[in-house]
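Just below is one structure, and these are the notes that go with it.
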Amino acid sequence: MSADEAALAAAEAAYVESRGVVGGEADGDDRAVEAALRPTSLAEVIGQERVREQLSLVLEAARARERAPDHVLLSGPPGLGKTTLAMIIAAEMSTPLRLTSGPAITHAGDLAAILSGMNDGDVLFVDEIHRMSRPAEEMLYMAMEDFRVDVVIGKGPGATAIPLEIPPFTLVGATTRAGLLPGPLRDRFGFTAHLEFYEVGELDQIVRRSAGLLGVDLTDEGAAEIASRSRGTPRIANRLLRRVRDFAQVRADGVVTLGVAHQALDLYEVDESGLDRLDRAVLDVLCRRFAGGPVGVSTLAVAVGEERETVEEVAEPFLVRCGFLARTPRGRVATPAAWQHLGLTAPANAPFGSPPAVSAGEPGLFDTDE
Ligand SMILES: Nc1ncnc2c1ncn2[C@@H]1O[C@H](COP(=O)(O)OP(=O)(O)OP(=O)(O)O)[C@@H](O)[C@H]1O
């Protein structure tokens with residue numbers, strides 16, 4: 001194995017270890033189970049119909065031309081299937097998938113090592129691509145467009161750039177914040193898709209499929225209950241299914257009925273709208289401590305003891321989508337539905353804000369914050 005291949009293998013192993021992205025026993029630990037539940041072809045993917053159709057066209061055309069498909073950018077909140085789609089793109093092109101993530105590429109040299117270890121037609125998946133370092137990002141522009149990078153040797157006036165040819169490859173970038181990508185990088189993706197939260201009916205199908213693979217006995221009502229509390233997110237649907245299965249095994253006769261699902265999800269503090277502890281904490285702080293807002297997202301994050309990114313990328317998109325939170329030029333505002341959901345009465349002067357100015361999952365137009 002060459003040094004470049006070793007660098008690529010090490011980057012990949014770190015990513016796989018952190019995310020549990022390959023195979024695994026359907027009954028092993030949670031990460032292995034998640035990997036085992038991933039659809040492996042576009043035909044198996046449930047929901048995201050438009051993205052599926054568009055992507056299938058891109059891949060079919062590339063296959064017909066016997067060329068690597070255009071670079072693909074997938075954006076959307078966590079757990080909606082970006083990694084799954086990247087794996088499917090490689091599988092549908094019958095080519096290996098190389099995996100890494102933005103935070104792992106701290107220097108341009110890291111990227112050069114990864115790129116030079118690739119073979120013709122490989123698919124390179126870069127998760128959290130918005131978190132890559134600026135010099136690496138600039139190197140990526142050239143690699144994406146010209147399949148070439150300049151490796152700089154030395155420093156200062158004596159530095160020399162050595163051009164390095166890279167075999168044609170397809171970059172699949174995933175991001176929860178497409179708006180944070182610099183324009184020149186975004187423009188180099190030939191196909192971009194924003195993944196939307198799933199409808200309850202689609203999650204219902206996902207829960208049934210996963211139950212079949214895991215050998216979980218569940219009724220129609222049990223599946224529907226899990227689906228309706230899954231925050232529009234397949235990863236959460238699968239996770240709740242596993243927790244409800246535990247409950248059914250230990251506290252019932254093993255069958256996931258409506259009653260079992262209900263009791264288990266109450267125990268795990270997932271409410272009827274699918275809000276979890278963090279979602280409710282954000283709404284609670286917004287209403288009780290800040291009288292419904294407007295309040296900046298950083299302040300909200302400090303108040304709930306979380307990172308700003310977690311509030312902004314995980315809790316907020318779903319709260320906006322449910323109509324509980326609105327983004328306004330002056331900050332985040334609780335809607336009447338939020339007050340009602342918490343069983344509180346809004347003060348007469350509560351600012352309700354207008355409907356969200358930007359779609360859920362997209363970065364705010366008004367992220368200036370406090
Ligand atoms: N369309 C789908 N149909 C069935 N299962 C799905 C679908 N999308 C995702 N899943 C399941 O949800 C889980 C999470 O998906 P995945 O890891 O691809 O999400 P992600 O968007 O990459 O998340 P993150 O942003 O956190 O990396 C997978 O285990 C997969 O089984």
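In listed order, ligands and their atoms are each counted from 1.
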Subject >> Atoms in ligand 1 flagged as close to Val45, the criterion being non-hydrogen separation under 4.0 Å >> reply: 1 (N)
Original post:
Is the shortest N/O to N/O distance between Gly81 and ligand 1 below 3.5 Å?
Top reply: yes
Subject >> Thr84: numbered ligand 1 atoms lying under 4.0 Å from its heavy atoms >> reply: 15 (O), 16 (P), 18 (O), 28 (C), 30 (C)
Original post:
Which bit of Asn238 gets closer than 4.0 Å to ligand 1, counting heavy atoms only: side chain, backbone, both or neither?
Top reply: side chain
Original post:
Around atom CD of Glu44, are there more than 12 heavy atoms of other residues, nucleotides or ligands at under 6.0 Å?
Top reply: yes
Original post:
Can Gln48 be said to touch ligand 1, with heavy atoms closer than 4.0 Å?
Top reply: no
Original post:
Is it the side chain, the backbone, both or neither of Leu85 that has a heavy atom closer than 4.0 Å to ligand 1?
Top reply: neither
Original post:
Got a second to check how far His130's NE2 is from Thr175's OG1, nearest 0.5 Å?
Top reply: 4.5 Å
**OP:** Identify, by atom number and element, the atoms of ligand 1 in contact range of Tyr198, meaning under 4.0 Å from any of its heavy atoms.
**Re:** 1 (N), 2 (C), 7 (C), 8 (N)
**OP:** Using distance alone, determine whether Gly79 and ligand 1 share an N or O pair under 3.5 Å.
**Re:** yes
Subject >> Glu53, CD: over 12 other non-hydrogen atoms inside 6.0 angstrom >> reply: no
Subject >> For Ile46, the ligand 1 atoms whose distance to one of its heavy atoms is below 4.0 Å >> reply: 1 (N), 2 (C), 3 (N)
Mind listing the side-chain donor-acceptor pairs of residues 248-259 below 3.5 Å, one per line with the distance, residues two or more places apart or on another chain?
unit_1 : atom_1 : unit_2 : atom_2 : d
Asp253 : OD1    : Val255 : N      : 3.2
Thr257 : OG1    : Val260 : N      : 3.2

Original post:
Taking all atoms of both residues into account, what is the closest heavy-atom pair of Val207 and Ala237, and its distance?
Top reply: CG2-CB, 3.9 Å
**OP:** From the options Glu202, Arg235, Gln205, select the one whose nearest heavy atom is closest to atom 12 (O) of ligand 1.
**Re:** Arg235
Original post:
Which pair of non-hydrogen atoms, one from Tyr198 and one from Ile46, has the smallest distance, and what is that distance?
Top reply: CE2-O, 3.2 Å
**OP:** Please list all pairs passing the salt bridge (Lys or Arg N to Asp or Glu O under 4.0 Å) test where one or both residues lie in residues 58-70, with sequence neighbours left out.
**Re:** Arg63-Glu92
Subject >> Cationic N near anionic O, under 4.0 Å, Asp266 to Arg229 >> reply: yes
Subject >> Shared hydrophobic cluster, Leu115 / Met142 (ILVMFWY, side-chain heavy atoms < 4.5 Å) >> reply: no
Original post:
Taking only heavy atoms of Leu37, which atoms of ligand 1 are found under 4.0 Å from at least one of them?
Top reply: 31 (O)
Original post:
Considering only heavy atoms of Asp127, which atoms of ligand 1 have at least one such atom less than 4.0 Å away?
Top reply: 27 (O)
Subject >> Nitrogen or oxygen of Pro39 less than 3.5 angstrom from that of ligand 1 >> reply: no
**OP:** Please work out whether any backbone atom (N, CA, C, O) or any side-chain heavy atom from C-beta onward of Pro78 is under 4.0 Å from ligand 1, and answer side chain, backbone, both or neither.
**Re:** both
